[in-house]
Amino acid sequence: MSPIRPATLQDLPGVYRVCLMTGDAGRDATARFRNPDLLGHLYVGPYVVGEPDLASVVADDEGIAGYLLATADTRAFEDWAEHHWWPPLRRQYPETGGNTPDDEIIRLIHAPARVPDAIVEAYPAQLHIDLLERARGRGYGRRLVDGLLETLRTRASPGVHLDVASENENAIAFYRHLGFSEVHRMESSLLMGLRL
């Protein structure tokens, strides 16, 4: 039986945990945050809730070991999140003006980054993938991405992009191996795209 399956709402705690344990450029970010849910609120929750048909997990005997989350239409997804996902989180986490890692994530909840128009026009789909160490090197990442690309092609998507930390050399090499190339550089990360 394949450990890869569609994500469900019941997977949210496990998906949040994987996000935190890979949240420092692929390394464990647990020690950086007082609130262990903040990274998940920002980077994974909206996909599982808002785009469940493009959310997959790797599940083994120890629980959720990884995920691939995606949206076929980045702008529509950003608009959905603005109306449905962010408002209750903004009420729960008011901005404090502090400078801790938690404060930085809360600022992003209040003012989420939007993908540049030129990127969305050429690569409207978006993906986000993370695997715990125990799930790496076993072909799951490749299978997850290949499955998503096949789905996006059937939907006639012209391209897909992702955001990766500039210092995450292993992830960048993995994406390049799959055919992604750098399409936009930011302060601490880069956007990589693949034409479909």
Side-chain angles (χ1 to χ4, degrees), residues 2-26 29 36-60 63-86 89 105 108-109 112-115 119-120 123-136 138-155 157 159-165 168 170-172 174-175 178 180 189-194 196:
S2 173
I4 297 175
R5 61 167 174 76
T8 68
L9 293 179
Q10 289 74 24
D11 294 319
L12 280 172
V15 172
Y16 272 48
R17 186 171 49 256
V18 170
C19 183
L20 182 62
M21 293 178 71
T22 58
D24 184 11
D37 294 333
L38 286 174
L39 279 182
H41 288 328
L42 184 65
Y43 293 115
V44 298
Y47 294 92
V48 175
V49 174
E51 197 92 40
D53 61 323
L54 294 178
S56 299
V57 295
V58 176
D60 60 19
I64 302 300
Y67 54 74
L68 182 141
L69 310 170
T71 180
D73 183 336
T74 296
R75 277 294 176 259
F77 179 74
E78 289 172 339
D79 291 343
W80 172 86
E82 186 59 38
H83 290 95
H84 300 284
W85 185 256
W86 304 126
L89 289 172
I105 298 300
L108 288 171
I109 287 172
R114 286 180 66 89
V115 180
I119 303 301
V120 172
Y123 310 94
Q126 179 186 142
L127 75 84
H128 185 67
I129 182 172
D130 283 305
L131 297 170
L132 295 180
E133 188 67 39
R134 71 178 192 260
R136 296 177 188 163
R138 303 177 69 181
Y140 298 142
R142 177 69 185 244
R143 286 173 51 201
L144 285 163
V145 173
D146 284 348
L148 173 68
L149 297 181
E150 182 179 333
T151 298
L152 293 174
R153 286 185 181 107
T154 64
R155 296 184 183 192
S157 176
V160 60
H161 73 275
L162 56 87
D163 187 339
V164 60
N168 194 342
N170 289 337
I172 292 169
F174 170 72
Y175 298 132
L178 294 179
F180 285 80
S189 68
L190 55 97
L191 295 179
M192 300 183 76
L194 177 68
L196 300 173

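Since the model is a prediction, treat every value here as computed from it, not as a measurement.
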Please find the pair of heavy atoms, one from [X] and one from [Y], that lie closest to each other, and give the distance.
X      : Y      : result
Val57  : Pro6   : CG2-O, 4.3 Å
Ala171 : Val164 : CB-CG2, 3.8 Å
Ala165 : Ile172 : O-CD1, 3.8 Å
Leu196 : Ser157 : CB-O, 3.3 Å
Asp79  : His83  : O-ND1, 2.8 Å
Ile129 : Tyr175 : CG2-OH, 3.1 Å

Quick check for you: to the nearest 0.5 Å, what is the distance between [X] atom [atom1] and [Y] atom [atom2]?
X      : Y      : atom1 : atom2 : answer
Glu51  : Thr74  : CD    : OG1   : 9.0 Å
Ile105 : Leu89  : CD1   : CG    : 12.0 Å
Arg114 : Glu82  : CZ    : CD    : 8.0 Å
Arg17  : Leu132 : CZ    : CG    : 8.5 Å
Thr151 : Leu54  : OG1   : CG    : 6.5 Å
Leu127 : Leu152 : CG    : CG    : 8.0 Å

### Task
With the side chain counted from C-beta on, respond yes when Tyr67 and Asp130 share a heavy-atom pair under 4.5 Å apart, and no when they do not.
yes
### Query
Looking at the rings of Phe180 and His161, which for Trp means the six-membered one, are their centres under 6.0 Å apart?
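They do not qualify: ring centres at least 6.0 Å apart.
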#### Entry: side-chain contact (heavy atoms from CB on, under 4.5 Å) between Val49 and Trp80, intermediate numbers included
CA-CA 11 Å; Val49 174; Trp80 172 86; 4.1 Å; yes
Is there a donor-acceptor pair closer than 3.5 Å between any side-chain N or O of [X] and the backbone N or O of [Y]?
X      : Y      : value
Trp85  : His41  : yes
Glu78  : Val115 : yes
Asn168 : Ala25  : yes

### Task
Please assess Tyr123 against Leu194 for the test side-chain contact (heavy atoms from CB on, under 4.5 Å), listing each intermediate value before the final yes or no.
CA-CA 7 Å; Tyr123 310 94; Leu194 177 68; 5.6 Å; no
### Query
So Tyr47 and Phe77, would you call those rings parallel, tilted or perpendicular, with 30° and 60° as cut-offs?
parallel
### Query
Do Leu38 and Tyr43 pass the side-chain contact (heavy atoms from CB on, under 4.5 Å) test, and can you show the C-alpha distance, the side-chain angles, and the key distance before you say yes or no?
CA-CA 9 Å; Leu38 286 174; Tyr43 293 115; over 6 Å; no
#### Entry: Arg5 with Asp11: basic N within carboxylate O range, under 4.0 Å
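Yes, charged N to carboxylate O under 4.0 Å.
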### Query
Name the one of Val58, Val18, Thr22 that satisfies side-chain contact (heavy atoms from CB on, under 4.5 Å) with Leu131?
Val58
### Task
Identify, with sequence neighbours excluded, every residue that meets salt bridge (charged side-chain N to carboxylate O under 4.0 Å, His left out) alongside Arg155.
Asp53
### Message
Once salt bridge (charged side-chain N to carboxylate O under 4.0 Å, His left out) is applied, do any residues pair with Arg136, and if so which ones, sequence neighbours excluded?
### Response
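In terms of salt bridge (charged side-chain N to carboxylate O under 4.0 Å, His left out), with neighbours along the sequence ignored, Arg136 is linked to Glu133.
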